[in-house]
Amino acid sequence: MTVTRFAPSPSGAIHLGNARTALFNWLLARRDGGQFLLRIEDTDAERSSEAYAQQIETDLEWLGLGWDGQIVRQSARSAVYADAFETLERAGRVYPCYCTPLEINISRKSQLAAGKPPRYAGTCRHLTAEQRATREAEGREPTLRFRVPDDGRVEFLDLVHGEQAFQCADIGDFIIRRADGTASFFFSNIVDDALMGVTTVLRGEDHLSNTPRQLLIAMALDLKAPDYGHISLITAMDGSPLSKRAGAKSVAELGADGYLPIALVNQLYRLGHSSDLTGLQDLPTLAQHFNPAHLVRSPARWDPVQLAVWQKDAVHALSADEALAWMRPQLPQGLDESTARAFVAAVQANVVVPQDVADWAAVIFGEGMIQAESGPPATPTLSPDFAAAAITALRTHGADWSALTQAVKAATGAKGPALFKPLRLALTGRDHGPELGPILALMGVERAIARLEASTGP
RNA sequence: GCUCCUUUCGUCUAGAGGCCCAGGACAUAGCCCUCUCAAGGCUGUAACACGGGUUCGAAUCCCGUAAGGAGCGCCA
C-alpha cells in the first residue's frame, strides 16, 4: 500500500512550496487508495510554535488535503529516538562530540576561507575514554554524531532524477542528537518515515544532497527507507527563490486575499508536473491523473497572472451558494437574502477577486456618483432628450430594462451600441460589465434616475 | 571552495536520434458572436541558453562554457 506523508516543521506559515509538496503526496496516496499521514516535526522547541502547528492543520483543511489517522508529533517521540540512539551507540556508529557551536562556527569559517568544504573536522571522532571523561568533567554537554564511513558511496534511485550516487568521503560526520538530547532532522525524519511505514516521499529538491545521510542512518539501523522523489523548487518570476521579499504569500495570506483553494491547487498541480489535463479540475480528478513519473526536473515559476486565471475559473465554477458565501463579506450589511442572491447571479461571471465584488456592490448599491475604475473619468454626456426619455420610462415602468431601452429607442432613434453604451456608462460609470437588465433591477429606479440626471449634458 | 540539480514559446509543459523547419494548455493579438464584459468558436504571433564533438541524421548522446538553484548547520 502506498503511504505518503507531509512532515512540516511548525516554525512558520505554510508557503507555496510546502503546499505543493503536501498536495503531491496527498494526490499520490489518494490515487493509490493509500494513506496520507501528517507529522509535525517539532523537535526544535525554540523554533516551533503551537500556533504554527494549528495553522498547518487549518491550511491543509482549507486546501482540502485531509490526512489519515492521528497527527504524529515528533516532540512526543523522544523514547523512540532514544532507543535508536542506543542501538547506534552500541554498534559504534556514533560518537559523542564535545565541540561547542562557537568552535564549529570558527572551524566552518576558516574552512570556507581556505576554499574547502565546510565540514565537521572530526575533532571528537577518535577521543579516548579519558579524553571524554575530561570533557564531561568540564561540564560539556555532548552532541551525538554519526560516523560516516571514510570510503564507499551511497546510491539510490530518485523517482524524479533517476540514479544518484554520492561519495561518503564528501559527507562530514553530522549531528543526530543535539546537546539537549533532542533528535535532529536527518535522524528523526528517516526514523519516523521508516517506523510509520511511509513508502514514498515526495519532497523538495533542497533535500536531494542530504538524502545519502538519511540513507546511511537507515542502513545503520536496518530500517527500510522510503522511495524518494525530489521535486524541483518553485521560483519567483525572475527565477530567484520564492521569498517573502519577492512578494510570495503564504497559503493563509492568499486565502485571506480571497483566493479560492481550488485555484491554488490547480496552479500548484501544474508546477513541476506535466499532465494532459486541461482546465480547472477538482481534487479527485487531479488525484486520478497524478503520476510521479510525470514529475518534472526543472524549476517552475510562480506566475501571479496564471493564478488569476485559475481564480477566475474557480469563481465561475462556484455554485450559487458557494458564490454567495465567497462574496458575502463584500456585500452591504443587512442586505436581504433574495437581493444578495440576485446580485451574485448578476456579477459572478464578471469578478475574480473580492475587490471586484466590492466594486460592483458599490456601483449597484452605492449612493452618489460612481467612481470610474481607471483612466479618464467617465463623464458621459447624455443628450437631454435621451436622458429624459430614459427617466420617463423608469418612472412609468419601474426598473424594467427592456421597457427602458424600447422607450429610449422610440424617443431618440438610437439603437445598438449607440443605445446601450451611453446607458451603461451613465448607469455604472464604466463601459463594460455584467448584463444591464439585472443590474438595473438591483439598482432600483431612484438610483438609476439620479445617475441619469448626473450624466446629462447640456 | 567542494558536491549535486536544472536550462524547450511570456508562463506551465510534450519531446527519451529520424514521426519536430518542435506539439498542447494558459496568456496575448485578430476575426466571428454580441449592448459591453465574461463565455464560446476560428485564426495568428511566439521557444530547443551558447560552443564544440559523436552520427548519414541531435531538442534528444558526450564534453566544455554561461546562467540559475540546492547542499555542505546543535534549521527543517
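Every chain is numbered from 1 and lettered A, B, ... according to where its sequence line falls, protein lines coming before strand lines. The analysis underlying the following values was restricted to heavy atoms, covering all of them including side chains, and did not include hydrogens, waters or symmetry mates.
Distance from the side chain of A:R47 is smallest for B:C75 among the nucleotides B:A38, B:U3, B:C75. For A:Q306, the listed nucleotide lying nearest its side chain is B:C26; candidates were B:C37, B:C26, B:U6.
Using atom C1' as the reference point in both B:A38 and B:C19, the two lie 40 Å apart (nearest Å). Distance check on atom C1': B:A49 versus B:U6 gives 12 Å, rounded to whole Å. Remark: the separation of the P atoms in B:A58 and B:C20 is 16 Å, to the nearest Å. On the P atoms, B:G30 is 15 Å away from B:U36, given to the nearest whole Å. For the C1' atoms, the distance linking B:C12 with B:G73 amounts to 35 Å, nearest Å. Of the P atoms belonging to B:G51 and B:G17, the separation is 24 Å, rounded to the nearest Å. Going from the C1' atom of B:U8 to that of B:A14 covers 10 Å, rounded to whole Å. Across B:A59 and B:G68, the matching P atoms stand 26 Å from one another, rounded to whole Å.
Under the Watson-Crick or G-U wobble criterion, with both distances below 3.5 Å, B:C37 has no partner in any strand shown. Across every strand in view, B:G51 sits in a pair with B:C63 that passes the Watson-Crick or G-U test at under 3.5 angstrom. In this structure, B:G1 forms a base pair with B:C72, meeting either the Watson-Crick or the G-U wobble geometry with both donor-acceptor distances under 3.5 Å. Figure legend. B:U11 is base-paired to B:A25; pairs are counted as Watson-Crick or G-U wobble with both atom distances under 3.5 Å. Across the strands present, B:C42 finds its partner in B:G30; the criterion is a Watson-Crick or G-U wobble pair with both atom distances under 3.5 angstrom. Remark: B:C56 base-pairs with B:G18. Criterion, Watson-Crick or G-U wobble with two distances under 3.5 Å.
A:A300 comes within contact range of the sugar-phosphate backbone alone, with a heavy-atom separation under 4.0 Å but no base atom that close. If you check every strand for non-hydrogen atoms under 4.0 Å, A:H207 touches a base. Note on A:R213: only backbone sugar-phosphate atoms sit closer than 4.0 angstrom, heavy atoms only; bases stay farther off. Counting non-hydrogen atoms under 4.0 angstrom, A:T43 reaches the backbone sugars and phosphates but no base. Base engagement by A:N350 is indicated by at least one non-hydrogen atom pair under 4.0 Å involving a base atom. Heavy atoms of A:G239 sit under 4.0 angstrom from primed sugar atoms or phosphate atoms, though from no base atom. If you check every strand for non-hydrogen atoms under 4.0 Å, A:S232 touches nothing. As judged by a 4.0 angstrom heavy-atom cut-off over every strand, A:R119 is placed among residues touching the sugar-phosphate backbone only. Note on A:R301: only backbone sugar-phosphate atoms sit closer than 4.0 angstrom, heavy atoms only; bases stay farther off. At the heavy-atom level, A:L271 lies under 4.0 Å from the strands shown only through sugar-phosphate atoms. Residue A:C99 is classed as a base contact, given a heavy-atom separation below 4.0 Å to a base. Counting non-hydrogen atoms under 4.0 angstrom, A:P8 reaches nothing in the nucleic acid. In this structure, A:P299 reaches the sugar-phosphate backbone alone: every heavy-atom distance under 4.0 Å involves primed, P, OP1 or OP2 atoms, never a base. Residue A:Q267 is classed as having no contact, given no heavy-atom separation below 4.0 Å to the nucleic acid.
By the 6.0 Å and 45° rule, A:R31 does not stack over the aromatic ring of A:F290.
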- request: Given side chain to side chain donor-acceptor pair (under 3.5 Å), test A:R424 with A:T428 step by step and report yes or no.
  value: CA-CA 6 Å; A:R424 172 175 291 280; A:T428 71; 4.9 Å; no
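Look at A:E50 and A:R73 and you find a salt bridge, because one of the NZ, NE, NH1 or NH2 atoms lies within 4.0 Å of a carboxylate O, short of that distance. With respect to A:R140 and A:E103, a salt bridge is recorded, a charged nitrogen being found less than 4.0 Å from a carboxylate O. Under the 4.0 Å criterion applied to side-chain N and carboxylate O atoms, A:D193 and A:R203 are not assigned as salt-bridge partners.
Summarising the geometry, atom CG belonging to A:N350 is positioned 7.0 Å from atom NE2 belonging to A:H316; distances are rounded to the nearest 0.5 Å.
Contact annotation: A:K312 side-chain N/O to B:A39 OP1/OP2 distance is under 4.0 Å. A close approach under 4.0 Å does not occur between any side-chain nitrogen or oxygen of A:H230 and OP1 or OP2 of B:G71.
A:F186 and A:F146 have their aromatic ring centers separated by at least 6.0 angstrom.
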